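Order of appearance sets the numbers: ligands from 1, and atoms from 1 within every ligand. Note that this is a predicted model, so its numbers are computed, not measured.
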Amino acid sequence: MSTRHSPKQVLDALLAANRRFAEGQARHPRQSPRRRAELAQGQTPRATVIGCADSRVPPELIFDQGLGDLFVVRVAGNVVDEAVVGSVEYAVTALETGLVIVLGHADCGAVKVALEGRRHHRFVSFSLSSIATAIQPAVDRARLEANGDSARVMELAVRYNALIMAQRLTERSSILQTLVRTGQVLIVPAVYVLETGLVEPIDQG
Ligand SMILES: [Zn+2]
């Protein structure tokens with residue numbers, strides 16, 4: 001891992017590329033047939049992104065990356081379950097991606113479902129409600145803090161959801177816990193703002 005860029009350097013590079021995308025200056029790098037052919041020999045992605053399935057938040061586009069650059073796990077509400085933990089463990093051990101971004105986003109439908117609760121979604125399936133259940137701790141925390149301001153509740157719930165899912169990665173994986181402690185892996189919760197196109201890391205201090 002030592003020959004590669006540090007997780008912090010990769011984060012800075014991705015945030016710079018995101019600003020390019022936000023300003024309409026995306027370069028769409030590394031998407032040529034040549035790059036595709038090179039990658040047939042194997043992948044060395046520079047970062048892992050856990051993002052929402054929402055069609056407006058494709059990590060490769062918003063970070064202006066190409067083929068083979070990002071190891072992406074997408075699931076509604078960027079919910080971290082066993083399959084997601086396992087996917088990230090694979091990325092950091094087999095592919096040695098030191099940076100893991102947990103990317104929530106404004107106006108997230110999964111967070112809305114969790115906020116509105118069962119009374120608005122009477123015909124919800126067990127599978128869908130399992131996503132809402134996973135997001136519930138973020139919603140509860142947001143409600144406590146927002147004092148009845150509904151726009152603020154939504155904003156905070158998105159934020160806390162990214163934060164809690166990032167924490168869940170180390171809570172549920174001793175491999176990730178160790179790699180984070182030794183500084184080999186950096187896990188960064190962040191929120192994508194639809195209007196600006198900017199990714200804003202969440203301060204965990
Ligand atoms: Zn979403």
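Atoms of the protein (N, O or S only) found under 2.8 Å from the Zn ion (ligand 1) are C52 SG, H105 NE2, C108 SG.
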Inset, instruction - Could you check R172 against D81 for salt bridge (charged side-chain N to carboxylate O under 4.0 Å, His left out), going step by step and ending with a plain yes or no? - result: CA-CA 9 Å; R172 296 196 175 178; D81 63 10; over 6 Å; no
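I187 approaches V180 most closely through the heavy-atom pair CD1-CG2, 3.8 Å. A pairwise comparison of heavy atoms in V153 and L115 identifies CG1-CD2, 3.3 Å as the closest pair. The nearest pair of heavy atoms linking C52 to A76 is SG-CA, 4.0 Å.
In summary, of the residues considered (L14, V188, L103), a side chain to side chain contact (heavy atoms under 4.5 Å, CB included) with V199 occurs for L103 alone.
More than 12 heavy atoms of other residues, nucleotides or ligands shown are found within 6.0 angstrom of CZ on R168.
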